[in-house]
> 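Have a look at the structure that comes next, please.
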Amino acid sequence: MAARKTTARTTRAKKCPDCKGTGETAETVRVGSVRKSRETADRQAALCLTCFGTGHATN
């Protein structure tokens with residue numbers, strides 16, 4: 001009988017604390033010039049800068 005092969009276990013990477021594993025964050029939309037800019041109630045999706053969109057926490 002042949003020896004039993006075992007598969008390597010994969011460890012789950014920790015989720016990024018900023019985006020909670022999605023890879024995206026929500027940013028507020030600003031309107032106007034630099035001096036008179038104001039924030040609106042609208043939000044837009046942005047790439048998470050902590051994990052660069054992977055969703056996994058860095059070491």
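Note that these values count all heavy atoms, side chains included, but never hydrogens, waters or copies made by symmetry. Just so it is clear, the structure is predicted and the values come from calculations on it, not from any experiment.
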> If you look only at distance, which donor and acceptor atoms sit under 3.5 Å apart when one is on a side chain in residues 13-22 and the other is two or more places apart or in another chain?
unit_1: D18; atom_1: OD2; unit_2: T50; atom_2: OG1; d: 2.3
unit_1: T22; atom_1: OG1; unit_2: C19; atom_2: O; d: 3.0
unit_1: T22; atom_1: OG1; unit_2: E24; atom_2: N; d: 3.4
unit_1: T22; atom_1: OG1; unit_2: E24; atom_2: O; d: 3.2

> What residues form a salt bridge (charged side-chain N to carboxylate O under 4.0 Å, His left out) with R43, not counting sequence neighbours?
none
> Can you list everything that forms a side-chain hydrogen bond (donor to acceptor under 3.5 Å, both in side chains) with E39? Sequence neighbours excluded, please.
R30
> Suppose we screen for side-chain contact (heavy atoms from CB on, under 4.5 Å). Which residues come up paired with V31, at least two apart in sequence or across chains?
R38, T40
